Amino acid sequence: MKFYKANEYQPSCDDLYQQYQREIQKLLPDATIEHIGASSIPMAISKGDLDIFVGVDASQFAPAIKTLTTHGFYEKTDTLRTPELCMLESSSDDDVALQVVVKGSEFECFLHFRDKLRRNPLLVQQYNELKLSCSGWPQDEYRLKKSAFVERILRQE
């Protein structure tokens, strides 16, 4: 697994986010669309991918997924799927993932984690160190270590 410094990927991710945000907002006008993941956190290193939070009302969850899957996204099958969370990937060459989330659910944790790191450069440094320590690791092992970090940060006040 290769990681990039913020200046190597964040400007292009910001531009790509703006493009996807406009497209998704046209498809789902009532959705909350936010840039999440490492590319949304100043100075965070990343694999260079773009993660987008798409918050919808519970009644719109299934219709939103259907709309997005008929407009260039497909459901990721190797990740968590619940009645309140569905992860989609772009079928284009862009490395873009959508986290479709029911508003008010526990999965708004994507926003809380992002915001905690945005407010605390020391946490960003720890996050970067964790990622660098996983260079060359299999994806599953990296995900476990990263998940433990995310859970610890979310438990902090």
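Numbers here simply count residues along the sequence, with the first being 1. Every value quoted in this text rests on a predicted model; they were computed, and no experiment measured them.
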(request) Nearest 0.5 Å please: distance from the CD1 atom of Ile24 over to the OG1 atom of Thr32. (result) 12.0 Å
(message) If we count only N and O atoms by modelled type, under 3.5 Å, do the side chains of His71 and Thr67 hold a donor and an acceptor together?
(response) no
(request) Check the pair Leu80, Gln99 against side chain to side chain contact (heavy atoms under 4.5 Å, CB included), reporting the backbone distance first and the verdict last. (result) CA-CA 10 Å; Leu80 180 65; Gln99 316 324 322; over 6 Å; no
(message) Checking Gln60 against Asp30: is there a side-chain donor and acceptor pair closer than 3.5 Å?
(response) no
(message) So, taking the atom named CG in Leu85 and the one named CZ in Phe107, what distance separates them when rounded to the nearest 0.5 Å?
(response) 5.0 Å
(request) Inspect the contact between Glu108 and Lys103 and indicate whether a charged nitrogen and a carboxylate oxygen are less than 4.0 angstrom apart. (result) no
(request) Quick one: closest heavy-atom pair of Ala31 and Val54, and the distance? (result) CB-CG1, 4.0 Å
(request) Indicate yes or no: at least one non-hydrogen side-chain atom of Leu130 is less than 4.5 angstrom from one of Gln126. (result) no
(request) With rounding to the nearest 0.5 Å, note down the distance linking NE2 in His35 to CG in Leu111. (result) 12.0 Å
(request) Look up atom CD1 in Ile33 and atom CZ in Phe53, then write down how far apart they are to the nearest 0.5 Å. (result) 10.5 Å
(message) Quick check against the 3.5 Å criterion: does Arg114 have a side-chain atom that pairs as donor or acceptor with the backbone of Glu34?
(response) no
(message) Between Gln25 and Gln21, is the side chain to side chain contact (heavy atoms under 4.5 Å, CB included) condition met? List the steps.
(response) CA-CA 6 Å; Gln25 200 73 72; Gln21 189 274 338; 3.3 Å; yes
(message) According to a hydrophobic-cluster definition based on side-chain heavy atoms being under 4.5 Å apart (Ile, Leu, Val, Met, Phe, Trp, Tyr only), do Leu50 and Tyr9 belong together?
(response) no
(message) I need the Glu75 CD to Cys86 SG distance, nearest 0.5 Å.
(response) 3.5 Å
(message) Please tell me whether Tyr142 and Phe3 form a close aromatic pair, meaning their ring centres lie under 6.0 Å apart.
(response) yes
(request) Take Ile153 and Leu123 through the side chain to side chain contact (heavy atoms under 4.5 Å, CB included) test and state the conclusion after the steps. (result) CA-CA 8 Å; Ile153 298 307; Leu123 291 178; 3.4 Å; yes
(request) Give the cluster check for Val96 versus Leu68: same hydrophobic cluster or not, with ILVMFWY residues linked at side-chain heavy-atom distances below 4.5 Å. (result) yes
(message) With no hydrogens and no angle check, just 3.5 Å: does a side-chain donor-acceptor pair link Tyr20 and Asp94?
(response) yes
(request) Would you confirm whether Asp57, through its side chain, and Ser59, through its main-chain N or O, come within 3.5 Å as a donor-acceptor pair? (result) no
(request) Give a yes-or-no answer on whether the side chains of Lys5 and Ser46 include a donor-acceptor pair shorter than 3.5 Å. (result) no
(message) Using modelled atom types and a 3.5 Å cut-off, is there a donor and acceptor pairing between side-chain atoms of Ser91 and backbone atoms of Gly72?
(response) yes
(message) Around atom CE of Met43, are there more than 12 heavy atoms from other residues, nucleotides or ligands closer than 6.0 Å?
(response) no
(request) Indicate yes or no for a side-chain donor-acceptor contact from Glu89 to the backbone of Phe73 under 3.5 Å, with no hydrogens or angles considered. (result) no
(request) For residues Gln19 and Leu16, determine if any side-chain heavy atom of one lies less than 4.5 Å from a side-chain heavy atom of the other. (result) yes
(request) Go through the steps to decide whether Val100 and Leu88 satisfy the test side chain to side chain contact (heavy atoms under 4.5 Å, CB included), and finish with yes or no. (result) CA-CA 7 Å; Val100 182; Leu88 304 175; 3.9 Å; yes
(request) Name the orientation class of the two ring planes belonging to Tyr127 and Phe149 (parallel below 30°, tilted from 30 to 60°, perpendicular beyond 60°). (result) parallel
(message) Using the rule that Ile, Leu, Val, Met, Phe, Trp and Tyr join whenever any side-chain heavy atoms are under 4.5 Å apart, tell me whether Leu117 and Phe110 fall into a single cluster.
(response) no
(request) Please report the shortest heavy-atom distance between Gly37 and Asp51, naming the atom on each side. (result) CA-OD2, 4.1 Å
(request) Could you tell me which non-hydrogen atom of Ser105 sits nearest to which non-hydrogen atom of Val101, and how far apart they are? (result) OG-CG1, 3.4 Å
(message) Applying a strict under-4.5 Å side-chain criterion to I, L, V, M, F, W and Y, I'd like to know whether Val102 and Ile36 cluster together.
(response) no
(message) Once side chain to side chain contact (heavy atoms under 4.5 Å, CB included) is applied, do any residues pair with Asn128, and if so which ones, sequence neighbours excluded?
(response) Ala44, Ile45, Val124
(request) Compare all side-chain heavy atoms of Arg155 with those of Val150 and state whether any distance is below 4.5 angstrom. (result) no
(request) For the residue pair Glu141 and Lys145, establish whether any side-chain heavy-atom pair is separated by less than 4.5 Å. (result) no
(message) Rounded at 0.5 Å granularity, tell me how far OG in Ser147 sits from CZ in Arg152.
(response) 13.0 Å
(message) Please check this pair: side chain of Lys116 against backbone of Gln156, looking for a donor-acceptor N/O pair closer than 3.5 Å.
(response) yes
(request) Using atom types as modelled and distance alone, determine if a side-chain donor or acceptor of Gln10 lies under 3.5 Å from a backbone N or O of Ala38. (result) yes
